[in-house]
Amino acid sequence: TYYEEYFTLPVSGDEVFYITKFEPIIQAGNELKVHHMVLYYCNSQSSCNTAAYAWAIGGEGMTFPANVGLEMSENFLSSVKLQ
């Protein structure tokens, strides 16, 4: 069974922020239930086709190199889907 949840990122107006790290946090007791996670970019809840980050059992988080990040803004990335 796949579960998915949509998140609106905390940006508004001309604000621009950058995601610099992805790290899976799995609640204790759920280690055997979580096989993988995929984070998608969304234009709307019905249009989330491009994967931004993927994780599977045995994988680790990902930190971008210094001075690199994924832009969060109303004009570029303001919502995501986690599956």
Side-chain angles (χ1 to χ4, degrees):
T1 301
Y2 288 96
Y3 295 95
E4 54 189 44
E5 189 164 346
Y6 296 87
F7 297 93
T8 300
L9 303 176
V11 295
S12 63
D14 292 333
E15 292 180 323
V16 176
F17 297 101
Y18 295 91
I19 298 170
T20 58
K21 181 178 183 175
F22 291 107
E23 183 175 3
I25 300 172
I26 301 170
Q27 187 176 13
N30 289 323
E31 297 88 353
L32 298 177
K33 298 175 185 172
V34 179
H35 176 267
H36 71 277
M37 292 184 271
V38 182
L39 185 74
Y40 294 92
Y41 301 122
C42 299
N43 295 329
S44 66
Q45 282 195 3
S46 62
S47 179
C48 301
N49 301 319
T50 303
Y53 172 73
W55 172 90
I57 293 173
E60 297 182 4
M62 180 186 82
T63 302
F64 288 93
N67 300 316
V68 177
L70 178 62
E71 180 180 324
M72 291 188 318
S73 68
E74 282 191 343
N75 296 324
F76 182 70
L77 177 62
S78 60
S79 62
V80 295
K81 175 178 77 171
L82 179 62
Q83 182 181 60

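Predicted model, so just to flag it, every value in this text is computed and none were measured.
Linking Ile, Leu, Val, Met, Phe, Trp and Tyr residues whenever their side-chain heavy atoms come within less than 4.5 Å leaves Val16 and Phe64 in two separate clusters. Tracing side-chain contacts under 4.5 Å through hydrophobic residues (I, L, V, M, F, W, Y), one reaches Tyr41 starting from Val68; they form part of the same cluster. By the rule that hydrophobic residues join a cluster once side-chain heavy atoms approach within less than 4.5 Å of another member, Leu82 and Val34 end up as members of one cluster.
The distance from the CD1 atom of Ile25 to the CE atom of Met37 is 9.0 Å, given to the nearest 0.5 Å. Remark: Leu9 CG to Glu74 CD distance equals 11.0 Å, nearest 0.5 Å.
In terms of the side-chain hydrogen bond (donor to acceptor under 3.5 Å, both in side chains) criterion, residue partners of Ser73 (sequence neighbours excluded) are, by chain and number, Glu71.
Using a 4.5 Å cut-off on side-chain heavy atoms (C-beta onward), Val80 and Tyr6 make no contact. Taking 4.5 Å as the limit, every side-chain heavy atom of Thr20 sits out of range of all side-chain heavy atoms of Thr63. Contact annotation: the side chain of His36 approaches that of Val38 to within less than 4.5 Å [non-hydrogen atoms, C-beta and beyond]. When side chains are defined from C-beta on, Leu39 does not count as touching Lys81, because their heavy atoms never get closer than 4.5 Å. The shortest distance between side-chain heavy atoms of Phe17 and Pro10 does not fall below 4.5 Å. Under the 4.5 Å side-chain criterion, counting only non-hydrogen atoms from C-beta, Asn67 is not in contact with Tyr18.
Classified by interplanar angle (parallel below 30°, tilted 30° to 60°, perpendicular above 60°), the ring pair Tyr53/Phe22 is parallel.
Gly61 and Pro24 get closest at one heavy-atom pair: CA-CD, 3.8 Å. Nearest heavy atom pair, residue Trp55 against residue His35, reads CZ3-O, 4.0 Å.
Evaluation of the salt bridge (Lys or Arg N to Asp or Glu O under 4.0 Å) test over residues 16-38, restricted to residues two or more places apart or in two chains, returns Lys21-Glu23.
No side-chain donor from either of Glu5 and Tyr3 sits under 3.5 Å from a side-chain acceptor of the other.
Within 6.0 Å of CG on Asn30 lie more than 12 heavy atoms contributed by other residues, nucleotides or ligands. Atom CD of Glu15 is surrounded by more than 12 heavy atoms from other residues, nucleotides or ligands within 6.0 Å.
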